[in-house]
Student: 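Input: one structure, supplied below.
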Number of protein chains: 2
Amino acid sequence: MSTPGRGLHGRVLDSLGPAITAGEYPAGSVLRTDELAQRFEVSRSVMREAVRVLESMHLVESRRRVGVTVLPECEWNVYDPQVIRWRLAGADRPRQLRSLTVLRSAVEPVAAGLAARLATPEQCAELTECALGMVANSRGHRLEEYLFHDVAFHRVVLTASGNEMFARLGGVVAEVLAGRTHHDVMFEDPDPAAVTLHVQVAEAVRARDAERAEELTRQITVGALHELDILAP
Amino acid sequence: MSTPGRGLHGRVLDSLGPAITAGEYPAGSVLRTDELAQRFEVSRSVMREAVRVLESMHLVESRRRVGVTVLPECEWNVYDPQVIRWRLAGADRPRQLRSLTVLRSAVEPVAAGLAARLATPEQCAELTECALGMVANSRGHRLEEYLFHDVAFHRVVLTASGNEMFARLGGVVAEVLAGRTHHDVMFEDPDPAAVTLHVQVAEAVRARDAERAEELTRQITVGALHELDILAP
DNA sequence: GCCTCTTGAATTAGTCGTACCTAATGGGTT
DNA sequence: AACCCATTAGGTACGACTAATTCAAGAGGC
């Protein structure tokens, strides 16, 4: 995922970022740049660059005469894809998945409604194609192929909404769906009802029926919430 | 806003960040670290730290033998509060406000529904207090006081939803509301209907009526969409 | 005697400049 | 066309110095 080895400071981040987001250093913990540089066997310059990045994510704060202070969770840039990945890889993965699924349940229906008004013919075709791909792989434990089309489907919807903020959630949805397939539930074939809903959403978007697209997508996300035992909003 | 002078690299970012997000350097433009360091009259170390931060926001990409390449807009971390601020301060402020308002229209109703189920008594009280503050300042051109309570109201709703992703949008909503008061529409007293809706949302949350809280908040956000001439989703 | 204010020493991040390494790139050679 | 090498710009390391902030010791006042 992303670019693991984009320099030494990247290696440091790949170690330090997950450690911080996992709560290994409680809020208020103080780290010293030189000590960290020694621990990771890099120069101070490299460590400083890593700290700057963590600072831009609001994971830490650097102050003179004090050191690098870990900030409380409520300060973190939880929308930063890197932070999301670190947290999904860590111990509170379930909590993170719940947060993201609730976000999906808010965003995706609205995005689908907008997509029904704004999608280009090409995007409508893509959507239908994805839905058909899901149908074709919904039986016989073809989970990977199913996931591929599922992710593509939601990406197209979010992109077709014409809203850049929605479009940028494509990666998040991909992570959530992949997580569901690989780690958590879904050991058997996907729910046929969900597959049908995706096909119907594609139809609604093609038919420019915004309300129907929104309502159908809402049903999809409600299903996702139930899978995680979240009370439906 | 935030911390303007958190070191030399911060100064550089305050210049370079807005320039990039404003499109002064089109996607694909190549900058050289040394040249930038000279231009901003800082050492290469400081410039490198600034570039690292821009890189973590996916505004630029640094490659050997090439330089620092500006990435296309679709790659940017548009949820980074710093990026949002830079873009709101720039030329495509209107487009940014539209994006954010659409995001609000998706998130806030769901957040209000959750808040109705999860808000603590203290949060219910805060909400009522904010709504009353809005009423008290809804006449007589007390725009600043009205804005203050409006922002506080939405912040409480987002926080009370119990979802960290929603809670972190409090700052975004604050920017949007402040922008509406200071730059764009609203030269006269706020719409009485909107004020009433806020009071009713506070009541619905207090009464644990999730559906009503969600629907009323949807009406508020639909109003915000109309103010910006966005077709209601 | 206790409290407060001042002062200064210790500490740690911030900045700078240099030197050298590494890897892409492009052109020249075979 | 394949290969090789010089060029170039970022990557890393190190050392010296600066500046801000904290903490504690001591002076002064109550």
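All values derive from a computational prediction rather than experimental measurement. Naming: A, B, ... by sequence-line order, numbering from 1 per chain.
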Student: Using ring centroids (six-membered ring only for Trp), state whether A:His149 and A:His154 fall under 6.0 Å.
Tutor: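 No, too far apart.
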
Student: Which part of the nucleic acid does B:Arg32 contact within heavy-atom distance under 4.0 Å: base, sugar-phosphate only, or nothing?
Tutor: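 Sugar-phosphate contact only.
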
Student: In whole angstrom, give the distance that lies between atom CZ of B:Arg64 and atom C1' of C:dA23.
Tutor: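 To the nearest whole Å, that distance equals 5 Å.
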
Student: Does the pair B:Glu49/B:Arg52 count as a salt bridge with the N-to-O cut at 4.0 Å?
Tutor: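 Looking at B:Arg52 together with B:Glu49, the answer is no, because their closest N to O distance does not fall below 4.0 Å.
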
Student: For B:Arg63 and D:dG11, give me the distance from atom CZ to atom P, rounded to whole Å.
Tutor: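 That distance rounds to 11 Å.
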
Student: Can you see if the side chain of A:Thr33 gets near the phosphate of C:dT12 - specifically, an N or O under 4.0 Å from OP1 or OP2?
Tutor: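 So the side chain of A:Thr33 is outside the cut-off, no N or O lying under 4.0 Å from OP1 or OP2 of C:dT12.
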
Student: Enumerate all atom pairs, one protein N or O and one N or O from nucleotides 14-16 of chain D, separated by less than 3.5 Å.
Tutor:
residue	atom	partner	partner atom	Å
D:dC14	N4	A:Ser45	OG	3.4
D:dA16	N6	A:Arg44	NH2	3.2

Student: For B:Glu55 and D:dG11, give me the distance from atom CD to atom C1', rounded to whole Å.
Tutor: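 About 12 Å, once rounded to whole Å.
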
Student: What integer distance in Å separates A:Gln38:CD from D:dA13:P?
Tutor: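 Atom CD in A:Gln38 sits about 13 Å away from atom P in D:dA13.
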
Student: Measuring only between side-chain heavy atoms, which start at C-beta, is A:Leu71 closer than 4.5 Å to A:Leu59?
Tutor: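 No. Closest side-chain heavy atoms not under 4.5 Å.
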
Student: Which comes earlier along DNA chain D counting from the 5' end, the contact point of A:Val66 or that of A:Glu41, where each point is its nearest nucleotide?
Tutor: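 On the 5' side of the pair lies A:Glu41.
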
Student: Going by an N to O cut-off under 4.0 Å, is there a salt bridge joining B:Asp14 and B:Arg6?
Tutor: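 Yes, this pair counts.
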
Student: Can you measure A:Leu36 atom CG to C:dT12 atom P for me and round it to whole angstrom units?
Tutor: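 In whole Å, C:dT12 P and A:Leu36 CG are 13 Å from each other.
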
Student: In whole angstrom, give the distance that lies between atom CD of A:Glu35 and atom C1' of C:dA13.
Tutor: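 Distance check: A:Glu35 CD to C:dA13 C1' gives 14 Å.
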
Student: Tell me: NE2 of B:His9 to P of C:dT15, nearest whole Å?
Tutor: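 So the two atoms are 8 Å apart, to the nearest Å.
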
Student: Just to be sure I understand the rule, does A:Arg48 reach a base, reach only the sugar-phosphate, or reach nothing, if contact means heavy atoms closer than 4.0 Å?
Tutor: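 A:Arg48: base contact, heavy atoms under 4.0 Å.
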
Student: Taking 4.0 angstrom as the limit, do B:Glu164 and A:Arg98 come out as a salt bridge?
Tutor: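 Looking at A:Arg98 together with B:Glu164, the answer is no, because their closest N to O distance does not fall below 4.0 Å.
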
Student: Take A:Thr69 and A:Arg63 through the test side chain to side chain donor-acceptor pair (under 3.5 Å) and record every step on the way to the result.
Tutor: CA-CA 8 Å; A:Thr69 312; A:Arg63 280 169 54 198; 5.4 Å; no

Student: How many whole angstroms separate atom CZ of A:Arg65 from atom C1' of D:dA20?
Tutor: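 Between C1' of D:dA20 and CZ of A:Arg65: 10 Å.
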
Student: Looking at the side chain of A:Arg52, which of D:dT12, C:dC16, C:dG14 is the nearest nucleotide?
Tutor: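 So the nucleotide nearest the side chain must be C:dG14.
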
Student: According to a strict under-4.0 Å criterion, is B:Arg6 in side-chain N/O contact with OP1 or OP2 of D:dA20?
Tutor: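 No, outside the criterion.
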
Student: Could you tell me whether A:Arg180 and A:Glu175 make a salt bridge, using a distance below 4.0 angstrom between a side-chain N and a carboxylate O?
Tutor: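 Not counted as a salt bridge, because no side-chain N and carboxylate O are separated by less than 4.0 Å.
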
